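Reminder, nothing fancy here: chain letters follow the sequence lines and each chain counts from 1. Nothing here was measured: the structure is a model prediction, and the numbers come from that model. Any value given below was found using the heavy atoms of this structure, including those in side chains, with hydrogens, waters and symmetry copies removed.
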Number of protein chains: 2
Amino acid sequence: MVARKQNSTYTRNEKCIIDCDLTYAVYKIGGRWKLLILNKLESKKMRFSDLKKEFSYITERMLTLQLRALEQDGLVKRTVYAEVPPRVEYELTEMALELGPILKQLSDWGSKQRNQ
Amino acid sequence: MVARKQNSTYTRNEKCIIDCDLTYAVYKIGGRWKLLILNKLESKKMRFSDLKKEFSYITERMLTLQLRALEQDGLVKRTVYAEVPPRVEYELTEMALELGPILKQLSDWGSKQRNQ
DNA sequence: ACCATTACTTACATATTTGTACGTACCATA
DNA sequence: TATGGTACGTACAAATATGTAAGTAATGGT
């Protein structure tokens, strides 16, 4: 979310992660708030302010950063309306929608794991 | 992996994440090397030194930390043999095995996403 | 007595992520 | 002229995650 040190071991190791389809996938949804956002957007498109209200504990900055990252990764589509005050809508892309059923299974697994 | 500050916003926000079954699940597999380790252990149980050889870019410390976390979360079973030099074997638990098919789908999704 | 092996541990340094506080542009309305 | 709403941006601080380097215990073999 901020400039990366191109030559740290940390960053170089990232390449090992991006190499594998699985870790690549999880990497894309790995931000702290991304899954909650994706989940929420699954049922309907929402404005920035709607998301802000929904997730009162997420700061505006973080919301912006996570949405930007999701947009970059092609999981969220951002539409700006040239109005004042501004209106910006976020919705899932096809790719993100395909993720839905998988996440549902993960969620079920989580629920099951929790009750042990 | 190290002592947490119980009252940071960061730690308090974690509770919001653990509340949701989905984010809870992803949280369990969210360490940097966990998925690679789980993936590898799916086919066979392995010794610490085997894993070390397999993932030469993961430091011993990180390997230990990730394995410990996986063990804590009931995804990996650790067996110590009272020998010298020591022998320790790691294998997946039932719970982790159930995760396998889901991860396979995630991996496929990742592969598809990558080729866009 | 010395060295090698295995599976760690510990102290410390660095990198990255997340959070805090504040500022901005736009225009409509009071 | 002042204020309000929306969707950000920016500088900075704090917290956490990861990486580096070195050390440990036990014992068998030389």
Side-chain angles (χ1 to χ4, degrees), chain A residues 1-17 23 26-27 29-37 45-71 76 78-90, chain B residues 1-17 23 27-37 45-71 76 78-90:
Chain A
M1 317 286 182
V2 130
R4 297 289 284 275
K5 203 149 242 175
Q6 289 305 313
N7 248 54
S8 61
T9 307
Y10 187 97
T11 292
R12 285 196 315 274
N13 273 352
E14 205 159 69
K15 305 213 167 71
C16 304
I17 287 164
T23 46
V26 172
Y27 184 78
I29 56 174
R32 190 160 230 218
W33 309 113
K34 286 186 191 168
L35 283 176
L36 292 175
I37 294 171
K45 74 168 65 170
M46 292 176 84
R47 296 183 58 172
F48 185 84
S49 53
D50 295 333
L51 289 166
K52 205 171 78 176
K53 241 170 287 175
E54 185 66 37
F55 301 114
S56 54
Y57 45 89
I58 308 181
T59 64
E60 294 193 12
R61 176 183 136 84
M62 271 302 124
L63 203 49
T64 304
L65 284 174
Q66 302 279 284
L67 284 168
R68 284 281 179 284
L70 288 169
E71 193 193 355
V76 155
R78 177 169 177 268
T79 311
V80 183
Y81 296 90
E83 303 173 1
V84 167
R87 180 160 62 101
V88 178
E89 285 185 344
Y90 292 94
Chain B
M1 316 283 181
V2 133
R4 299 288 285 274
K5 204 150 240 176
Q6 289 304 313
N7 247 56
S8 61
T9 306
Y10 187 96
T11 291
R12 285 196 317 272
N13 273 351
E14 206 160 67
K15 305 211 168 72
C16 304
I17 287 164
T23 47
Y27 184 78
K28 294 296 182 191
I29 56 175
R32 190 160 231 218
W33 308 112
K34 287 185 191 170
L35 282 175
L36 292 175
I37 294 171
K45 72 169 64 170
M46 294 176 84
R47 296 182 58 172
F48 185 84
S49 54
D50 295 334
L51 289 166
K52 204 170 81 175
K53 241 171 286 173
E54 185 66 39
F55 301 114
S56 55
Y57 44 89
I58 308 184
T59 64
E60 293 194 12
R61 176 181 136 85
M62 272 301 122
L63 203 48
T64 303
L65 284 175
Q66 303 279 284
L67 284 168
R68 286 281 180 282
L70 288 169
E71 194 194 355
V76 155
R78 176 168 177 267
T79 310
V80 184
Y81 296 89
E83 304 173 0
V84 168
R87 180 160 62 101
V88 179
E89 286 185 345
Y90 292 93

Problem set entry | Side-chain donor-acceptor contact under 3.5 Å, B:E14 with B:Y27 | yes
For this session: Figure out the CZ/C1' separation between B:R4 and C:dG19, and round it to whole Å.
Result: 14 Å
Exercise. For A:K5 and C:dA15, what is the distance between atoms NZ and C1' respectively, to the nearest whole Å?
Worked result: 8 Å
For this session: Figure out the CZ/P separation between B:R32 and C:dA15, and round it to whole Å.
Result: 13 Å
For this session: On DNA chain D, check which nucleotide each of B:E14 and A:D50 is closest to and give me the residue with the more 5' one.
Result: A:D50
Exercise. Roughly how far, to the nearest 0.5 Å, is the CD atom of A:Q66 from the CD1 atom of A:I58?
Worked result: 7.5 Å
Problem set entry | Rounded (10°) bend between the five-pair end axes of the helix from C:dA1-D:dT30 to C:dA30-D:dT1 | 30°
Exercise. Would you say A:S49 reaches D:dA7's phosphate, i.e. side-chain N/O to OP1/OP2 under 4.0 Å?
Worked result: yes
For this session: Check whether any side-chain heavy atom of A:W33 lies under 4.5 Å from a side-chain heavy atom of B:T23, and answer yes or no.
Result: no
Seminar exercise, completed: Closest to the side chain of A:Y10, out of C:dT16, D:dA26, D:dG5, is C:dT16
For this session: Give B:Y57 one of three labels, base, sugar-phosphate or nothing, depending on what nucleic acid heavy atoms sit under 4.0 Å from its own.
Result: nothing
Exercise. Are A:W33 and C:dG19 close enough that a side-chain N or O sits under 4.0 Å from OP1 or OP2?
Worked result: yes
Exercise. How far does CG of B:L67 sit from CD of B:E60, to the nearest 0.5 angstrom?
Worked result: 11.5 Å
For this session: Would you give the length of the straight line joining atom CD1 of B:I37 to atom CZ of B:F55, rounded to the nearest 0.5 angstrom?
Result: 6.5 Å
For this session: Measure from NZ or CZ of B:R32 to the centre of the six-membered ring of A:Y10 and say whether it is under 6.0 Å with the direction within 45° of the ring axis.
Result: yes
Tabulate atom names and distances for all N/O pairs under 3.5 angstrom spanning the protein and nucleotides 20-25 of chain C.
residue	atom	partner	partner atom	Å
C:dT20	OP1	B:T9	OG1	2.9

Exercise. Mind checking whether A:T59 and B:T9 have side chains closer than 4.5 Å, heavy atoms only?
Worked result: no
Exercise. Roughly how far, to the nearest 0.5 Å, is the NZ atom of B:K53 from the CZ atom of B:R47?
Worked result: 8.0 Å
For this session: Return the value, rounded to whole Å, for the distance between atom CZ of A:F55 and atom P of D:dA7.
Result: 15 Å
Problem set entry | A:R87 side chain near D:dG5 phosphate (N/O to OP1/OP2, under 4.0 Å) | no
Seminar exercise, completed: The answer to which of A:T11 and B:N13 contacts DNA chain C further toward the 5' end, by nearest nucleotide, is A:T11
For this session: Compare every heavy atom of B:K34 with every heavy atom of B:L70, then report the nearest pair and how far apart it is.
Result: CD2-CD, 3.7 Å
Exercise. When the distance from NZ of A:K52 to C1' of C:dG19 is rounded to whole Å, what number comes out?
Worked result: 16 Å
Problem set entry | Whole angstrom value for the distance that separates C1' of D:dA7 from CZ of A:R78 | 8 Å
Problem set entry | Nearest-Å distance for atom pair OH/P, residues B:Y27 and C:dT18 | 12 Å
Seminar exercise, completed: In whole angstroms, the gap separating P of C:dA7 from CD of B:E89 amounts to 9 Å
Exercise. When all nucleic acid strands are considered with a 4.0 Å heavy-atom cut-off, which category describes A:Y81: base, sugar-phosphate, or nothing?
Worked result: nothing
Exercise. Which heavy atom of B:T11 sits nearest a heavy atom of B:Q6, and at what distance?
Worked result: CG2-O, 3.8 Å
